[in-house]
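We're numbering straight along the sequence, starting at 1.
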Amino acid sequence: MPVPVPRQRNIPVAETAPGGAGGGDLTLLVIEDDPAGTFSVPGLLDAAGARVRIRTARNLTEAERLLTDDVHCVLVDLALPGRQQDDALGALKHVLRLAPRHAVLALTASGDTELAAEAVRLGAQDHLVREELDGRLLTRAVRYAVERKRADTAQVKLAESRLRAQENARLERGLLPTPLLEGSDLRFASRYRPGRSRALLGGDFYDTVRTPDGTVHAMIGDVCGHGPDEAALGVELRIAWRALTFAGLCGDDLLSTLQQVLEHERESDEIFATLCTVDISADGRRAGLCLAGHPSPLIARHGRAAQLLPYDDGGPALGLLPRARWPRRQVELGGSWSLMMYTDGLIEGRKGPDTKQRLGQDGMLAMINRQLSAGLGGEALLEAAVGEVRELNGGDLTDDVAVLLLSRDGARR
């Protein structure tokens, strides 16, 4: 026997749907083959005056035509024949495939308890019993189904976002360098902070390797900018540097080849990269230094204040001049020393939270000497240096920061 047309009843305000739907009008698509026209009214009103407009379809084919973007919820009669006639839930399954972003309600007879439960397990937000249906119940069910679908969709998006973030973090972590110093008595430490929020990798890059002849090669560089494109280019340059170093290149030959890599891989002619390379002899007492528009390293020798290595005869940044040259300068290191290489993010922060004056290399030298006098070294020195630079700046630094420290204790040999 056909059920009478659902009648709207007064609904207390406390029983209206949650505010996530905004209490605004909703559109319900009813899929039901009922000659008596159970859902013949065009819409229902709740106590707040919000309307649930009703649109009806007699079969799945008609439902596909009526399922437009303005539909918020679909009510499907489980008694409706599905595309697979031997499947009691065939119609529901078809609707779930057809409307994956819509809230879906299942309409069942009073004796179809197990079928109703299975419909919810398949993906329907709720089920309604035909014999108990009225306007009040229908209005509330539609609004709650829409909110439940929104919550489910938000949860799925959040889970997908977390998975992507974890995948990106694993990828970026895998692209960070692993120093290859087996057989060397040099100690290595590094700190890296990208300027991009929630990133592990920026436009700064560094690496350290030991070649079979015992020479320790170190480099640090900075691609202009600190977005994902610059980070990708920095990784390419670092990997190219490692390969070229193991192939026996150094000095001008290495930097000239790296410039060719940069010119082929950069997105525009305006992209450039600064670079500092150091190759330390097997006995640890001498080093070759090349600068390509990059700040000169800092050296602290035992019993002496830290100072900058010579920097007045360096070459231009990579990518600026097509036939540039980068002279290699020989530097005496001594028996016991610490060599700190860094990017300009360490020296371009403010000298204090109440001033616009930059820390600069002189400010950095004074800071490092204070920390050395306090007995800091290795990882602790770099941690203190980056932390103090951030504190002086009055908060997070906007540029990428990379710092590496190579140390040799001559007394241990």
Side-chain angles (χ1 to χ4, degrees), residues 1-12 14-18 21 26-47 51-67 71-153:
M1 177 181 295
V3 179
V5 174
R7 298 186 304 275
Q8 175 68 18
R9 298 179 183 175
N10 290 332
I11 305 173
E15 294 184 10
T16 58
L26 298 176
T27 300
L28 171 68
L29 174 61
V30 178
I31 311 174
E32 183 198 41
D33 185 14
D34 181 5
T38 299
F39 294 90
S40 59
V41 294
L44 301 169
L45 288 173
D46 62 19
R51 178 183 295 274
V52 176
R53 293 184 294 267
I54 296 178
R55 187 180 300 174
T56 58
R58 290 172 297 179
N59 52 56
L60 294 175
T61 301
E62 188 175 346
E64 292 185 28
R65 180 176 59 83
L66 296 176
L67 187 63
V71 172
H72 299 89
C73 183
V74 180
L75 175 64
V76 56
D77 187 355
L78 297 187
L80 191 72
R83 294 297 170 94
Q84 297 179 347
Q85 300 299 327
D86 57 343
D87 189 349
L89 293 171
L92 176 65
K93 292 177 181 177
H94 182 76
V95 170
L96 291 173
R97 289 193 299 268
L98 184 66
R101 296 187 299 272
H102 293 73
V104 175
L105 293 169
L107 182 63
T108 67
S110 58
D112 292 335
T113 305
E114 293 185 5
L115 191 64
E118 182 63 23
V120 174
R121 281 194 292 269
L122 281 175
Q125 272 61 58
D126 204 346
H127 69 89
L128 297 172
V129 178
R130 178 184 294 276
E131 289 79 4
E132 299 174 0
L133 191 61
D134 60 26
R136 170 185 171 277
L137 180 61
L138 178 61
T139 302
R140 290 189 62 198
V142 170
R143 292 200 175 277
Y144 274 81
V146 169
E147 285 306 301
R148 198 170 294 118
K149 182 63 178 181
R150 287 176 178 172
D152 292 344
T153 301

Work out which heavy atom in [X] is nearest to a heavy atom in [Y]; give both atom names and the distance.
X: V129; Y: A109; value: CG1-C, 4.1 Å
X: A57; Y: L29; value: CB-CD1, 4.2 Å
X: L92; Y: V76; value: CD1-CG1, 3.6 Å
X: R58; Y: E62; value: N-OE1, 3.3 Å

Got a sec, which pairs hit side-chain hydrogen bond (donor to acceptor under 3.5 Å, both in side chains) with one end in residues 102-120, sequence neighbours left out?
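Only E118-R121 qualify under side-chain hydrogen bond (donor to acceptor under 3.5 Å, both in side chains).
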May I ask you to decide if A124's main-chain N or O and K149's side chain share a donor-acceptor pair within less than 3.5 Å?
no
A side-chain contact here means heavy atoms from C-beta on lying under 4.5 Å apart; do [X] and [Y] qualify?
X: V142; Y: H72; value: no
X: L138; Y: V52; value: no
X: I31; Y: D77; value: no
X: R136; Y: R140; value: yes
X: Q125; Y: D152; value: yes
X: C73; Y: L26; value: no
X: V71; Y: L66; value: no

To the nearest 0.5 Å, what is the distance between [atom1] ([X]) and [atom2] ([Y])?
X: R51; Y: L28; atom1: CZ; atom2: CG; result: 13.5 Å
X: L60; Y: L67; atom1: CG; atom2: CG; result: 11.0 Å
X: T153; Y: R101; atom1: OG1; atom2: CZ; result: 9.5 Å
X: T139; Y: D134; atom1: OG1; atom2: CG; result: 8.5 Å

